[in-house]
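Inspection log for the structure reproduced underneath, given as C-alpha coordinates.
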Amino acid sequence: MKRVDNFNAGPAALPLEVLEEVREELIDFRGTGMSVMEMSHRSKEYEAVHNEAQARLRRLLGIPDDYRVLFLQGGASLQFAMIPMNFLGDGRRALYVLTGAWSEKARDEAVRFGEVVVNDWATAGGYRDIPDRIPEDDGAFAYVHITSNNTIFGTQWPQFPKTLSPLVADMSSDILSRPIEVTDFALIYAGAQKNLGPSGVTVVIAKDEFLAGENANLPTMLRYSTHVKSNSLYNTPPTFAIYIMDRVLAWVERLGGLAAVAERNRKKAALVYEAIDRHPQVYLGHAEKRARSQMNVTFRLASEELERAFLSEAAERGFVGLKGHRSVGGCRASLYNAVPVEAAERLAQFMDDFARRH
Ligand SMILES: *Cc1c(COP(=O)(O)O)cnc(C)c1O
(Lines give C-alpha, C1' and ligand atoms only; values in the text may rest on other atoms or scores of the structure.)
Protein backbone atom coordinates (compact mmCIF):
# COMPACT_ATOMS: atom_id res chain seq x y z
CA MET A 1 0.00 0.00 0.00
CA LYS A 2 1.17 3.50 -0.83
CA ARG A 3 0.15 6.78 0.84
CA VAL A 4 1.33 10.04 -0.74
CA ASP A 5 2.02 13.41 0.89
CA ASN A 6 -1.37 14.89 0.06
CA PHE A 7 -1.58 18.69 -0.21
CA ASN A 8 -4.91 18.73 -2.05
CA ALA A 9 -7.11 21.79 -1.49
CA GLY A 10 -10.41 19.91 -1.19
CA PRO A 11 -11.51 17.21 -1.03
CA ALA A 12 -8.34 16.73 0.94
CA ALA A 13 -6.32 14.43 3.17
CA LEU A 14 -8.13 12.48 5.87
CA PRO A 15 -6.34 11.07 8.92
CA LEU A 16 -4.98 7.58 8.14
CA GLU A 17 -6.23 6.39 11.55
CA VAL A 18 -9.76 7.40 10.57
CA LEU A 19 -9.59 5.63 7.21
CA GLU A 20 -8.39 2.48 8.94
CA GLU A 21 -11.18 2.68 11.47
CA VAL A 22 -13.77 3.16 8.71
CA ARG A 23 -12.33 0.16 6.85
CA GLU A 24 -12.57 -1.89 10.02
CA GLU A 25 -16.25 -1.02 10.54
CA LEU A 26 -17.29 -0.89 6.89
CA ILE A 27 -19.00 -4.22 6.44
CA ASP A 28 -20.30 -4.95 9.94
CA PHE A 29 -20.94 -1.69 11.74
CA ARG A 30 -20.54 -2.26 15.48
CA GLY A 31 -22.17 -5.68 15.44
CA THR A 32 -25.26 -4.72 13.42
CA GLY A 33 -24.37 -7.02 10.51
CA MET A 34 -24.59 -4.14 8.02
CA SER A 35 -22.64 -1.17 6.88
CA VAL A 36 -23.58 2.22 8.31
CA MET A 37 -24.42 3.05 4.66
CA GLU A 38 -27.04 0.31 4.61
CA MET A 39 -29.08 1.26 7.64
CA SER A 40 -32.08 3.53 8.09
CA HIS A 41 -31.35 7.09 9.03
CA ARG A 42 -34.17 6.63 11.57
CA SER A 43 -32.45 3.66 13.26
CA LYS A 44 -31.16 4.08 16.79
CA GLU A 45 -27.66 3.03 15.66
CA TYR A 46 -27.48 5.78 13.04
CA GLU A 47 -29.10 8.38 15.29
CA ALA A 48 -26.43 7.70 17.90
CA VAL A 49 -23.72 8.52 15.34
CA HIS A 50 -25.59 11.65 14.21
CA ASN A 51 -26.06 12.96 17.75
CA GLU A 52 -22.53 12.04 18.76
CA ALA A 53 -21.07 14.03 15.85
CA GLN A 54 -23.12 17.03 16.95
CA ALA A 55 -22.08 16.66 20.58
CA ARG A 56 -18.40 16.40 19.62
CA LEU A 57 -18.61 19.56 17.51
CA ARG A 58 -20.29 21.33 20.42
CA ARG A 59 -17.54 20.26 22.82
CA LEU A 60 -14.63 20.98 20.48
CA LEU A 61 -15.82 24.44 19.43
CA GLY A 62 -17.47 25.35 22.74
CA ILE A 63 -20.85 25.92 21.08
CA PRO A 64 -23.35 27.43 23.57
CA ASP A 65 -26.86 26.02 24.13
CA ASP A 66 -28.60 28.83 22.24
CA TYR A 67 -26.89 27.78 18.98
CA ARG A 68 -28.09 25.01 16.66
CA VAL A 69 -25.73 22.58 14.90
CA LEU A 70 -27.12 21.48 11.52
CA PHE A 71 -25.91 18.94 8.95
CA LEU A 72 -27.11 20.06 5.52
CA GLN A 73 -26.38 19.26 1.88
CA GLY A 74 -25.59 21.43 -1.14
CA GLY A 75 -22.14 22.46 0.06
CA ALA A 76 -20.97 25.88 1.16
CA SER A 77 -22.22 26.99 -2.27
CA LEU A 78 -25.87 26.43 -1.29
CA GLN A 79 -25.26 28.45 1.88
CA PHE A 80 -24.14 31.34 -0.37
CA ALA A 81 -27.78 31.46 -1.56
CA MET A 82 -29.67 30.11 1.46
CA ILE A 83 -28.35 32.80 3.80
CA PRO A 84 -29.49 35.82 1.75
CA MET A 85 -32.75 34.03 0.77
CA ASN A 86 -33.57 33.73 4.44
CA PHE A 87 -32.17 36.90 5.92
CA LEU A 88 -32.36 39.53 3.15
CA GLY A 89 -35.37 41.07 1.37
CA ASP A 90 -37.95 43.36 3.03
CA GLY A 91 -35.56 46.28 2.75
CA ARG A 92 -32.84 44.54 4.75
CA ARG A 93 -29.21 45.11 3.72
CA ALA A 94 -26.11 42.92 4.09
CA LEU A 95 -22.43 43.82 4.09
CA TYR A 96 -20.02 41.50 2.27
CA VAL A 97 -16.31 41.76 2.99
CA LEU A 98 -14.49 40.61 -0.14
CA THR A 99 -11.26 38.75 0.59
CA GLY A 100 -11.12 36.32 -2.31
CA ALA A 101 -12.92 34.26 -4.91
CA TRP A 102 -15.26 32.50 -2.47
CA SER A 103 -16.45 35.73 -0.86
CA GLU A 104 -17.13 37.12 -4.35
CA LYS A 105 -19.24 34.03 -5.09
CA ALA A 106 -21.13 34.53 -1.84
CA ARG A 107 -21.74 38.19 -2.75
CA ASP A 108 -22.91 37.21 -6.26
CA GLU A 109 -25.71 35.11 -4.76
CA ALA A 110 -26.69 37.72 -2.17
CA VAL A 111 -27.30 40.47 -4.74
CA ARG A 112 -30.12 38.35 -6.18
CA PHE A 113 -32.08 38.63 -2.94
CA GLY A 114 -31.49 42.06 -1.48
CA GLU A 115 -29.37 45.13 -1.06
CA VAL A 116 -25.69 44.40 -0.66
CA VAL A 117 -22.91 46.74 0.39
CA VAL A 118 -19.34 45.53 -0.18
CA ASN A 119 -16.06 46.19 1.52
CA ASP A 120 -13.59 45.61 -1.31
CA TRP A 121 -10.51 46.96 0.44
CA ALA A 122 -8.57 43.75 -0.32
CA THR A 123 -9.60 43.46 -3.97
CA ALA A 124 -7.32 46.06 -5.54
CA GLY A 125 -4.22 44.51 -3.97
CA GLY A 126 -4.98 41.12 -5.56
CA TYR A 127 -6.29 39.61 -2.33
CA ARG A 128 -2.93 39.54 -0.57
CA ASP A 129 -4.20 41.04 2.66
CA ILE A 130 -7.12 41.13 5.09
CA PRO A 131 -8.70 44.42 6.20
CA ASP A 132 -8.16 45.30 9.85
CA ARG A 133 -11.34 47.39 10.02
CA ILE A 134 -14.79 47.23 8.47
CA PRO A 135 -15.76 50.91 8.53
CA GLU A 136 -19.04 50.34 6.60
CA ASP A 137 -20.55 48.39 9.51
CA ASP A 138 -23.00 50.79 11.14
CA GLY A 139 -24.81 48.12 13.12
CA ALA A 140 -27.86 48.31 10.86
CA PHE A 141 -27.01 45.42 8.52
CA ALA A 142 -28.99 42.18 8.64
CA TYR A 143 -25.54 40.59 8.73
CA VAL A 144 -21.89 41.09 7.81
CA HIS A 145 -20.43 38.21 5.76
CA ILE A 146 -16.77 37.22 5.88
CA THR A 147 -14.70 34.29 4.60
CA SER A 148 -12.46 33.24 7.48
CA ASN A 149 -9.82 31.59 5.27
CA ASN A 150 -9.31 32.28 1.58
CA THR A 151 -8.56 28.87 0.15
CA ILE A 152 -7.54 30.10 -3.29
CA PHE A 153 -5.44 33.17 -2.41
CA GLY A 154 -3.99 31.80 0.83
CA THR A 155 -4.99 34.53 3.27
CA GLN A 156 -6.77 34.15 6.60
CA TRP A 157 -8.26 36.51 9.17
CA PRO A 158 -5.57 36.57 11.91
CA GLN A 159 -8.29 37.61 14.37
CA PHE A 160 -11.94 38.13 13.71
CA PRO A 161 -13.49 41.59 13.53
CA LYS A 162 -15.81 42.67 16.33
CA THR A 163 -18.82 43.71 14.25
CA LEU A 164 -21.84 45.76 15.32
CA SER A 165 -24.15 43.80 12.99
CA PRO A 166 -24.50 39.99 13.26
CA LEU A 167 -21.42 38.24 11.86
CA VAL A 168 -21.76 35.38 9.35
CA ALA A 169 -18.66 33.41 8.33
CA ASP A 170 -17.82 30.91 5.64
CA MET A 171 -15.31 28.74 7.53
CA SER A 172 -15.14 25.96 4.94
CA SER A 173 -11.36 25.82 4.83
CA ASP A 174 -10.34 26.53 8.42
CA ILE A 175 -13.10 25.35 10.72
CA LEU A 176 -11.62 23.30 13.56
CA SER A 177 -8.07 24.43 12.74
CA ARG A 178 -7.91 26.77 15.76
CA PRO A 179 -10.08 27.72 18.73
CA ILE A 180 -12.75 30.32 17.98
CA GLU A 181 -15.25 32.27 20.07
CA VAL A 182 -18.56 31.02 18.66
CA THR A 183 -20.48 33.80 20.43
CA ASP A 184 -18.78 36.34 18.12
CA PHE A 185 -20.82 34.84 15.25
CA ALA A 186 -24.51 34.70 14.37
CA LEU A 187 -23.94 31.92 11.83
CA ILE A 188 -20.96 29.82 10.76
CA TYR A 189 -21.02 27.43 7.81
CA ALA A 190 -18.52 25.03 6.30
CA GLY A 191 -18.45 22.34 3.65
CA ALA A 192 -16.88 19.29 5.30
CA GLN A 193 -14.34 18.30 2.67
CA LYS A 194 -11.36 20.31 3.95
CA ASN A 195 -11.07 19.88 7.72
CA LEU A 196 -14.14 17.94 8.82
CA GLY A 197 -14.44 14.86 6.66
CA PRO A 198 -15.48 13.83 3.17
CA SER A 199 -17.63 15.91 0.81
CA GLY A 200 -21.41 15.67 1.00
CA VAL A 201 -22.20 17.30 4.32
CA THR A 202 -22.21 20.99 5.23
CA VAL A 203 -22.12 22.09 8.85
CA VAL A 204 -24.13 25.15 9.92
CA ILE A 205 -23.78 26.54 13.45
CA ALA A 206 -26.28 29.31 14.10
CA LYS A 207 -27.73 31.32 16.95
CA ASP A 208 -31.45 30.84 17.67
CA GLU A 209 -32.02 34.57 17.83
CA PHE A 210 -30.56 35.02 14.32
CA LEU A 211 -32.45 32.05 12.86
CA ALA A 212 -35.71 33.56 14.15
CA GLY A 213 -35.43 36.18 11.36
CA GLU A 214 -35.73 33.62 8.55
CA ASN A 215 -38.03 34.08 5.56
CA ALA A 216 -41.08 31.86 6.09
CA ASN A 217 -42.07 31.88 2.39
CA LEU A 218 -39.30 29.63 1.14
CA PRO A 219 -39.52 25.98 0.09
CA THR A 220 -39.34 23.59 3.02
CA MET A 221 -35.79 22.38 2.33
CA LEU A 222 -34.45 25.94 2.10
CA ARG A 223 -35.68 27.08 5.52
CA TYR A 224 -33.33 26.60 8.46
CA SER A 225 -36.29 25.93 10.79
CA THR A 226 -37.10 22.74 8.86
CA HIS A 227 -33.71 21.32 9.77
CA VAL A 228 -33.75 22.69 13.32
CA LYS A 229 -37.13 21.06 14.06
CA SER A 230 -36.09 17.71 12.62
CA ASN A 231 -32.56 17.61 14.05
CA SER A 232 -31.22 17.60 10.44
CA LEU A 233 -33.27 14.46 9.74
CA TYR A 234 -36.10 16.03 7.72
CA ASN A 235 -35.02 14.00 4.72
CA THR A 236 -32.23 11.45 4.33
CA PRO A 237 -28.98 13.07 5.41
CA PRO A 238 -25.60 12.01 3.95
CA THR A 239 -25.24 9.34 6.61
CA PHE A 240 -21.85 7.95 5.55
CA ALA A 241 -20.27 11.42 5.37
CA ILE A 242 -21.64 12.29 8.82
CA TYR A 243 -20.31 9.03 10.23
CA ILE A 244 -16.83 9.74 8.86
CA MET A 245 -17.02 13.28 10.21
CA ASP A 246 -17.79 11.85 13.64
CA ARG A 247 -14.65 9.69 13.40
CA VAL A 248 -12.59 12.76 12.35
CA LEU A 249 -13.97 14.71 15.32
CA ALA A 250 -13.05 11.84 17.66
CA TRP A 251 -9.54 11.95 16.17
CA VAL A 252 -9.32 15.71 16.87
CA GLU A 253 -10.35 15.00 20.48
CA ARG A 254 -7.57 12.40 20.76
CA LEU A 255 -5.06 14.96 19.45
CA GLY A 256 -6.00 17.14 22.43
CA GLY A 257 -8.65 19.46 20.96
CA LEU A 258 -8.35 22.71 19.09
CA ALA A 259 -5.51 24.30 21.05
CA ALA A 260 -3.29 21.31 20.26
CA VAL A 261 -4.47 21.23 16.64
CA ALA A 262 -3.73 24.96 16.23
CA GLU A 263 -0.21 24.45 17.55
CA ARG A 264 0.36 21.58 15.11
CA ASN A 265 -1.00 23.69 12.25
CA ARG A 266 1.22 26.64 13.19
CA LYS A 267 4.24 24.35 13.11
CA LYS A 268 3.38 22.94 9.66
CA ALA A 269 2.68 26.35 8.13
CA ALA A 270 5.87 27.82 9.64
CA LEU A 271 7.95 25.04 8.06
CA VAL A 272 6.72 25.87 4.56
CA TYR A 273 6.65 29.68 4.95
CA GLU A 274 10.19 29.61 6.34
CA ALA A 275 11.34 27.65 3.29
CA ILE A 276 9.76 30.33 1.06
CA ASP A 277 11.40 33.13 3.05
CA ARG A 278 14.83 31.47 3.02
CA HIS A 279 14.95 31.58 -0.79
CA PRO A 280 13.42 34.88 -1.91
CA GLN A 281 15.22 34.62 -5.26
CA VAL A 282 13.29 31.39 -6.03
CA TYR A 283 9.96 31.54 -4.15
CA LEU A 284 7.56 34.44 -3.85
CA GLY A 285 4.74 34.09 -1.29
CA HIS A 286 1.41 35.56 -2.38
CA ALA A 287 0.03 36.75 0.98
CA GLU A 288 1.24 39.63 3.13
CA LYS A 289 2.94 38.11 6.17
CA ARG A 290 0.30 39.32 8.62
CA ALA A 291 -2.48 37.72 6.58
CA ARG A 292 -0.81 34.40 5.76
CA SER A 293 -3.11 31.40 5.88
CA GLN A 294 -2.14 28.52 8.17
CA MET A 295 -4.16 26.24 5.88
CA ASN A 296 -3.28 27.14 2.28
CA VAL A 297 0.25 28.33 1.52
CA THR A 298 0.28 30.05 -1.88
CA PHE A 299 3.45 30.98 -3.76
CA ARG A 300 4.97 31.48 -7.17
CA LEU A 301 8.42 30.69 -8.48
CA ALA A 302 10.76 33.18 -10.15
CA SER A 303 9.66 32.12 -13.65
CA GLU A 304 6.98 29.96 -15.22
CA GLU A 305 9.65 27.59 -16.46
CA LEU A 306 10.95 27.14 -12.92
CA GLU A 307 7.40 26.63 -11.70
CA ARG A 308 6.87 23.81 -14.20
CA ALA A 309 10.15 22.19 -13.12
CA PHE A 310 9.17 22.53 -9.45
CA LEU A 311 5.75 20.94 -9.93
CA SER A 312 7.12 18.13 -12.04
CA GLU A 313 9.94 17.27 -9.58
CA ALA A 314 7.48 17.52 -6.69
CA ALA A 315 5.15 15.05 -8.40
CA GLU A 316 8.06 12.65 -8.92
CA ARG A 317 8.80 12.79 -5.18
CA GLY A 318 5.21 11.83 -4.37
CA PHE A 319 3.89 15.25 -3.40
CA VAL A 320 0.30 15.59 -4.59
CA GLY A 321 -1.89 18.67 -5.08
CA LEU A 322 0.72 21.45 -5.22
CA LYS A 323 -0.57 23.14 -8.35
CA GLY A 324 -2.36 26.41 -7.54
CA HIS A 325 -6.05 26.99 -8.32
CA ARG A 326 -6.70 27.31 -12.07
CA SER A 327 -7.91 30.91 -11.57
CA VAL A 328 -4.66 32.21 -10.03
CA GLY A 329 -1.96 29.72 -11.05
CA GLY A 330 1.26 29.30 -9.13
CA CYS A 331 1.61 26.75 -6.36
CA ARG A 332 -0.41 25.98 -3.29
CA ALA A 333 0.24 23.61 -0.41
CA SER A 334 -2.90 22.92 1.60
CA LEU A 335 -1.99 21.92 5.14
CA TYR A 336 -5.35 20.97 6.63
CA ASN A 337 -5.63 19.28 10.03
CA ALA A 338 -5.10 15.78 8.65
CA VAL A 339 -1.80 16.60 6.92
CA PRO A 340 0.97 15.23 9.17
CA VAL A 341 3.84 17.45 10.40
CA GLU A 342 6.24 15.07 8.64
CA ALA A 343 4.64 15.84 5.27
CA ALA A 344 5.28 19.57 5.80
CA GLU A 345 8.85 18.75 6.87
CA ARG A 346 9.44 16.72 3.72
CA LEU A 347 7.99 19.49 1.55
CA ALA A 348 10.13 22.18 3.22
CA GLN A 349 13.22 20.03 2.77
CA PHE A 350 12.40 19.50 -0.90
CA MET A 351 11.88 23.26 -1.34
CA ASP A 352 15.32 23.95 0.19
CA ASP A 353 16.90 21.31 -1.99
CA PHE A 354 15.18 22.57 -5.17
CA ALA A 355 16.19 26.19 -4.43
CA ARG A 356 19.85 25.21 -3.95
CA ARG A 357 19.89 23.37 -7.27
CA HIS A 358 18.21 26.26 -9.20
C1 LIG B 1 -14.17 24.88 -0.86
C2 LIG B 1 -14.82 26.15 -0.45
C3 LIG B 1 -16.14 26.47 -0.81
C4 LIG B 1 -16.97 25.60 -1.73
O5 LIG B 1 -17.53 24.59 -1.03
P6 LIG B 1 -18.58 23.57 -1.72
O7 LIG B 1 -18.86 22.66 -0.56
O8 LIG B 1 -17.88 22.93 -2.86
O9 LIG B 1 -19.76 24.34 -2.14
C10 LIG B 1 -16.67 27.66 -0.35
N11 LIG B 1 -15.96 28.48 0.44
C12 LIG B 1 -14.70 28.22 0.79
C13 LIG B 1 -13.94 29.18 1.65
C14 LIG B 1 -14.09 27.05 0.35
O15 LIG B 1 -12.81 26.78 0.69
Side-chain angles (χ1 to χ4, degrees), residues 6-14 70-85 94 96-110 112 118 122-123 127-131 143-158 160 167-178 180 185 187-206 221-222 227 232 237-238 240-242 244-245 248 265 269 286-287 291-298 321 323-328 332-339:
N6 183 349
F7 301 105
N8 276 329
L14 286 165
L70 305 176
F71 300 148
L72 307 183
Q73 297 187 64
S77 299
L78 183 58
Q79 292 308 304
F80 293 167
M82 202 165 145
I83 290 164
M85 258 185 218
Y96 277 71
V97 183
L98 303 186
T99 53
W102 292 116
S103 39
E104 287 182 5
K105 284 208 163 114
R107 183 271 319 267
D108 292 347
E109 293 299 310
R112 298 161 176 269
V118 298
T123 314
Y127 294 130
R128 288 170 198 280
D129 209 350
I130 294 289
Y143 60 88
V144 176
H145 181 281
I146 63 168
T147 311
S148 58
N149 180 73
N150 300 285
T151 325
I152 293 175
F153 291 93
T155 60
Q156 185 174 28
W157 289 80
F160 291 112
L167 184 59
V168 169
D170 175 1
M171 291 198 187
S172 293
S173 53
D174 70 349
I175 192 166
L176 228 60
S177 68
R178 54 178 171 174
I180 57 166
F185 300 88
L187 187 149
I188 293 167
Y189 64 98
Q193 66 273 21
K194 281 114 187 191
N195 261 345
L196 293 174
S199 61
V201 59
T202 307
V203 169
V204 172
I205 299 162
M221 278 293 283
L222 297 177
H227 305 289
S232 305
F240 192 56
I242 292 168
I244 298 177
M245 178 168 72
V248 171
N265 287 333
H286 177 79
R292 280 176 164 178
S293 168
Q294 305 282 298
M295 296 278 100
N296 311 97
V297 179
T298 49
K323 199 167 163 41
H325 189 270
R326 56 193 143 74
S327 64
V328 295
R332 170 174 57 177
S334 296
L335 304 171
Y336 299 125
N337 287 354
V339 173

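Indexing begins at 1, ligand by ligand and atom by atom, following the structure's order. These figures come from a predicted structure and were not determined experimentally.
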Any chance you could lay out the side-chain hydrogen bond (donor to acceptor under 3.5 Å, both in side chains) test for Asn265 and Asn337, step after step, and finish with the verdict?
CA-CA 7 Å; Asn265 287 333; Asn337 287 354; 2.9 Å; yes
[X] [atom1] to [Y] [atom2] distance, which is reported to the nearest 0.5 Å:
X      : Y      : atom1 : atom2 : value
Asn195 : Ile175 : CG    : CD1   : 8.5 Å
His145 : Phe80  : NE2   : CZ    : 6.5 Å
Phe71  : Leu196 : CZ    : CG    : 9.0 Å
Ile130 : Phe160 : CD1   : CZ    : 9.5 Å
His286 : Asp129 : NE2   : CG    : 9.5 Å

For ligand 1, the residues whose heavy atoms come within less than 4.0 Å (ordered by chain, then number):
Gly75, Ala76, Ser77, Phe80, Trp102, Thr147, Asn149, Thr151, Asp170, Ser172, Ser173, Gln193, Lys194
